[in-house]
Amino acid sequence: MNRKKQSRFQFCGWMVVLTLLFGFTNLQAQIVEKPEYGTFIIENVDIYPVTADVIKGGVVVIKDGTIDYVGSNVKPDLTGEVKRIDGSGYRLYPGFIDSETQLGLNEIGAVAVTVDAAEVGSVNPEMIAQTAVNPGSVSIPVTRVDGVTNVVASPVSGLVSGTGSLIDLYGYTPEAMSIDQRAGIYINWPSSGKRGWWDSRSESDIEKDYKEALDQINELFNDARAYHAMWEAIESGDLDAQPDVNAKMDAMRHLFTQEARLVVRVNREKDILAALEWAKDQDDLSFVFSGVSEGWRVAEQLAEAEIPVIATALVTTSRPSDHYARPYQNAGLMANAGVHVSLSTFNTENVRNLPFHAGYAATYGMGVEEALKAVTINPAEMWGVADKLGSIEVGKHANLFLVDGDPFETTSTIKDVFIRGYRIPMVSRHTQLNEEFLNRDATN
Amino acid sequence: MMVFLLSYGHTFAQPTTYSGPQTVLIKNGLVKTITQGDLPNTDVYIVNGVIQEIGQNLTVPSNVSVIDATDKVVMPGIIDAHSHLNTVSTNEATSPVTAEITIKESIDPNDVAMYHALAGGVTTINLMHGSANVIGARNATLKLRYGADQFGLQFQEAPQTIKFALGENPTRVHGQGTGVQPRTRMGVERVIRDIFDDAIEYDRKRQEYLSQKAAYERRPNRVSPPVPVAKNLRLEVISDIIKGNILVHCHSYRADEIVMLVNVFKDYGVENYTFQHANEAFKVAPELAEAGANASVFSDWWAYKFEVYYSTAYNAAILHENGVNTSINSDSNELIRHLNHEAAKVVRYGGISADDALAMITINPAKQLGIDEYVGSLEVGKHGDVSIWSADPLSIYAINEMTLVDGQVLFDRASDAADARLDRAISYDQSFEDLQAQVSEEVRGRQDDACMEDAFILFESGSQMEQTHNH
C-alpha cells in the first residue's frame, strides 16, 4: 500500500469511527429524549380514578406537574399555552407502583460491578438506596413506558439490608426522582427452615442459627430504642450529653419517628407467625411484611395485626405439595381476609410486568377492582404518600398513563405516560432496537 | 377459614395418572386449529388418542365420554421448545463436548412440576441438557404423560435433538473455570469445527473398517483382517448431526455468534436447526431467514447477563416479520405455567396477529422439534393433545380448565388435587422452598439461565480462580 492510499485508507477509517460515534451519540440522545412539560388537557377520556367511580368521556388537566382538574365533560377555563390530547378510545389510570424492586440499583445481574443492591455486612440501616439509584439505568425507560411510574428501590443483603427509597421513574438526579428516600428499612427475617434443597444444615443447627439471628434482632432493636430515647432526652433538654456519632443507630431512629416503615421480608408460614409474634412487642414501629408467599395460610392473623403486605403473583409454588394456582391466589386470599395488599414483581429489569401480576391476582380471586388498588392506592397508603400518588385526584402528582383498553391485558398498548406532569417519550432500548432492526437493510 | 378446609380437604385426593390413549368427544367449543383457522361450535373427536374428526354436531357411539366445551376455547396442547422441567441433573459440565451423554437418562418421572405445566396447558416439552458445554447432551422430547415412567414419557415419534451452546456459559465453565478451550468465542467456533472434522474423519475410517471387516468375515481365507477402528459414541453422534439425523438446538445470544454457527453449518451442510434464547437474533433476522434457521426465544427476559443487555421484547415479532419460524419458550418452571401469557406479549411488543402468537407456542415449536406431523395443531390424524380455556388464551383473564394428552384428561381444574405430587415421601413441612432464597438470587442479580443448573460447582472454582488472578 503506497502512502497516498494508506492515508486515504486512514481517512476512511476515521470517517467510519466518526460516523459510529455520531450514530452512537444520536442513539444516546434518543434515550434521554426530552419529555414535554406544560399544561395538558386530556379530553374525551375514560378516567379510572381508583378512589372514585369511573368517569366516561371525562377531562383531566395537568398543570405544574400536578393534577389540576378531573371532571366529566365540563371544560375548565385554561389560560396560556395548553397542549390538547384526544383521549377518545383510551382509558386514563394513575401510574402503577411497585413496592419492592432493585430498579436503578442493579443494571446487569451477572456483572457484579453493576450490582449496587447488596452491601457488605449484616446490619446496614444507614445504607440508603436512593444515593445509588442510577437515573440513566437502561431499565428505567423500559419500565415506565409500560405504565409503571413509581418503584421502591430496595437493598437486599444481610439481616438489615438497608433503607429503601420510593422514586419516580423520571429525573436526571436521584434527588429529582425522589418521593421518599426513607420509605422503609428492609430486613430479611431469619428463616427457621431450610433455605433450599442445597441447605445441608441439621435440624438442630437450623434451630440454633435461627435463635441466634432472633437474638441479634432483639438486641439491635433494644439498642436502637435506647439510643432513640437517649437522643429524645438530649433534644428535649432533659439530658446534657454529647454521644459519639452512630450512623447505624441514627438511621434506625427513623423507624421510631415513624418516618420509615420496617419492611420484614418473610415467607414461610411458621416464620410469618414468628414475625407477627415479635411485632406484637414492637408497637412503636410501623410494619410492612414483604414476600409472604405463605400469607394465605395465616391471612386472618395478618389481617388482625393490621400489617400491610407486599406480595407477588408470578412465582412457582413455595412447596411442591401446594396447589398449582396458589401463587396466583395468595394476594387475593389475603385481600379477601382483610389484609392491605400491595403487589410487586420483586424484580429489576422486568418490573414492567407489574400489570400482569395484578391481572393474574385479579383472575384468581382478587378481582379487578382490588387488584387495581394493589398497584396504585394501596402502595401509596402503605408508604404514607396517598396525598401525592395512587389515584387520579386534584392536587396529586400527575403520574398517569393512557392505555387503549384494560391495563392488565397483555395485548393492550400504552399510548402515553406522565410522570410529575412530564409527558414521557415512549422510547426505550426495546423500542429503539425494534425501530432499527424491524426493517433492517438485508444487504448490509 | 373456608379456604383452609377446602385445600386440606383435597390434600389426599390423588392426581389422575396416565393410563394410555383414550377416546373422547370434546363438544361444541370454539376450536382454534392454529393451521386452519377458528371453528365456532365445533366438536373434536379423539379416538384412541388420535384426532379422528373435527366438525359440527358429530355423532359418536353412545359409550364415548363427552367433554362439554360450550363457551370454551379449544386449542392444541402447548409445546415448550426449551425446558429443564424434570431433569434429575442438567449439566454434565466436565468437557466442552459431551455428545455421548443423553438427558434421557436424567428424567424424574415423579416431578410435580410436570403437573403444574399441564395446568398451564402444556403437553409437550423439549427436555434439554444445560448450556455449560459447546456441544452438550442429546435432549429428550417428552409428552407430559403424568404418571408414566421415564420411558412412557418419551415422544416416541420425535427425532433426536441435541443441545449446543455458544458465548458466556461455555467460555465461563471451561476456559475461565478449568482453563480448557474455549475461553473465547473464537475458541467456541474451533471446538465445533474441530470435533466436526474429527467426526468426518472418524466416520470415514470407521465405515472403511466396518466394510473391510464385513469383507473379511465373508471371505476369511482370502482377505486379511483389518486393523480395528474402535466405536466412538461421541463422534458417532456428531457424525449423525452432520448427516442430518439429529437436530441441533443451540443456546446462543449475540448476533455475531449466531451468524458464526450459520456459517459453520453452511460449511458442513447442517440444516433445520434452531437457535435457543437468541436474544440478538432480531439483528440478523434476514440471515436466519435465508439459512432457514429457526428461533426459540423468551418473550421478554433480558439484562440478567451482559450478552442479553442489548435485547428487545420485540425480538420474536421482528423475527416473525422477517420470515423466521419462531417459538416462545420458557426455560423456567414458572414461565411454563403461563406460556399463553408469554405468547400474548408478542402481540403487545410488535403487534403480530393473535393467530401468529398462538402458533409460537404450538405449531412453530412443533416444527423446531420435528414433530409437526403429530402435534402443534388440531387436525385429523394428529395426537389428541388439547387444552381447553375459559376464554381467549391470550387474555390475562383466561384460565386453562382442562388438558388432555393422547385423549386422556390429565388436568381438570374442576376436580384437581390440591397436592398433585405422585411421590409424597417428603412431608409438607420439609418441602418448603424458600422464596426468599429465590428472590434474593433474583435480586442479587439473576445471574444465569435456568440451563446453568449443576454447573455451579465448576463456577465456584472458576470465580475463585478469577479472584486470585485479580489480586
Side-chain angles (χ1 to χ4, degrees), chain A residues 102 106-112 115 117-118 138-139 156-157 188 191 193-197 265 267-268 291 293 296-297 299-300 314-325 333 346-350 353 356 359-360 362-363 408-413 429-431 433-434 437-438 440 442, chain B residues 1 3-4 7 112 115-116 119 282-283 285-286 300-306 309-314 317-318 321 333-334 337-338 341 344-345 347-350 394-397 399 416 418-421 424 426 428 430-440 442-448:
Chain A
Q102 281 65 51
N106 292 354
E107 193 65 16
I108 302 175
V111 181
V115 173
V138 170
S139 293
V156 296
S157 55
N188 292 318
S191 179
K194 284 195 186 295
R195 292 176 187 134
W197 56 267
R265 294 190 180 109
N267 285 294
R268 201 179 199 222
S293 62
W296 63 276
R297 293 185 189 273
E300 290 184 0
L314 297 175
V315 284
T316 47
T317 60
S318 300
R319 299 171 196 265
S321 56
D322 279 344
H323 187 268
Y324 81 95
L333 289 170
F346 297 132
N347 203 289
T348 302
E349 65 274 3
N350 272 339
N353 286 337
F356 311 140
Y360 269 83
T363 304
F408 296 165
E409 278 289 13
T410 323
T411 51
S412 292
T413 303
R429 169 165 291 174
H430 290 231
T431 65
L433 288 173
N434 180 47
F437 287 97
L438 177 59
R440 203 202 86 192
Chain B
M1 208 55 214
V3 170
F4 300 99
S7 62
V112 74
Y115 184 84
H116 293 176
F282 69 93
K283 292 184 175 176
D300 62 1
W301 280 18
W302 72 295
Y304 46 90
K305 58 194 327 201
F306 185 70
Y309 194 45
Y310 294 88
S311 297
T312 174
Y314 294 80
I318 296 172
E321 295 297 333
N333 289 10
E334 202 285 306
R337 294 148 44 86
H338 45 77
H341 168 54
K345 289 176 182 170
V347 179
R348 185 184 187 88
Y349 303 114
L394 294 183
S395 168
I396 199 109
Y397 303 112
I399 295 175
D416 82 315
D419 180 353
R421 290 175 303 159
R424 301 186 180 189
I426 296 171
Y428 148 79
Q430 289 170 309
S431 70
F432 183 83
E433 289 179 5
D434 195 344
L435 177 76
Q436 200 54 54
Q438 295 170 34
V439 166
S440 70
E442 177 125 344
V443 293
R444 270 201 317 274
R446 203 193 139 65
Q447 303 203 350
D448 299 298

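Keep in mind the model is a prediction, meaning the values are calculated, not measured. Only this structure's heavy atoms are used, side chains among them; waters, hydrogens and symmetry mates stay out. Below, chain A is the first sequence line, B the second, and so on; all start at residue 1.
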Q: Applying ring pair (Phe, Tyr, Trp, His ring centres under 6.0 Å), name anything that partners Tyr360(A), two or more places apart in sequence or on another chain.
A: Tyr328(A), His338(B), His341(B)
Q.
I'd like to know if the side chain of Thr413(A) reaches the main chain of Arg348(B), judged simply by a donor and an acceptor atom lying under 3.5 Å from each other, with no hydrogens or angles considered.
A. no
Q) What residues form a ring pair (Phe, Tyr, Trp, His ring centres under 6.0 Å) with Phe437(A), not counting sequence neighbours? A) Phe282(B)
(Q) Can you give me the closest heavy-atom contact between Arg440(A) and Pro286(B), atom names plus distance? (A) NH1-CD, 3.8 Å
Q | Note, Tyr304(B) side chain near Ile108(A) side chain (heavy atom, < 4.5 Å) | A | no
(Q) Looking only at heavy atoms and a cut-off of under 4.5 Å, which of Ser311(B), Ala317(B), Gly350(B), Ala420(B) has the most pairs with chain A? (A) Ser311(B)
Q) At their closest point, which heavy atom of Glu349(A) faces which heavy atom of Ala303(B), and how far apart are they? A) CB-CB, 3.8 Å
Q | Distance, nearest 0.5 Å, that separates CD1 of Ile399(B) from OG1 of Thr363(A) | A | 6.0 Å
(Q) Can you confirm whether Lys345(B) sits close enough to Thr411(A) that some side-chain heavy atom of one is under 4.5 Å from a side-chain heavy atom of the other? (A) no
Q) Do Lys305(B) and Val111(A) touch side chain to side chain, with heavy atoms closer than 4.5 Å? A) no
Q | Tyr314(B) and Thr431(A): CA distance, side-chain angles, deciding distance, side chain to side chain contact (heavy atoms under 4.5 Å, CB included) verdict | A | CA-CA 7 Å; Tyr314(B) 294 80; Thr431(A) 65; 3.7 Å; yes
(Q) Both conditions, 6.0 Å and 45 degrees, for the charged tip of Arg429(A) above the ring of Tyr310(B): are they met here? (A) yes
Q) Quick one: does Thr410(A)'s side chain get under 4.5 Å of Leu394(B)'s, heavy atoms only? A) no
Q) Taking side chain as C-beta onward, heavy atoms only, is His116(B) less than 4.5 Å from Thr316(A)? A) no
**Q.** Residue pair Tyr309(B), Val138(A): steps toward the side chain to side chain contact (heavy atoms under 4.5 Å, CB included) verdict
**A.** CA-CA 9 Å; Tyr309(B) 194 45; Val138(A) 170; 3.2 Å; yes
Q) Do Tyr397(B) and Glu409(A) have side-chain N/O donor and acceptor atoms under 3.5 Å apart? A) no
Q) Can you check whether Asn350(A) reaches Trp302(B) side chain to side chain, under 4.5 Å on heavy atoms? A) yes
**Q.** Flag side-chain contact, heavy atom, 4.5 Å: Asp416(B) against His323(A)
**A.** yes
Q: Please look at Ser157(A) and chain B and tell me whether the side chain, the backbone, both or neither of the residue comes under 4.5 angstrom of a heavy atom of that chain.
A: neither
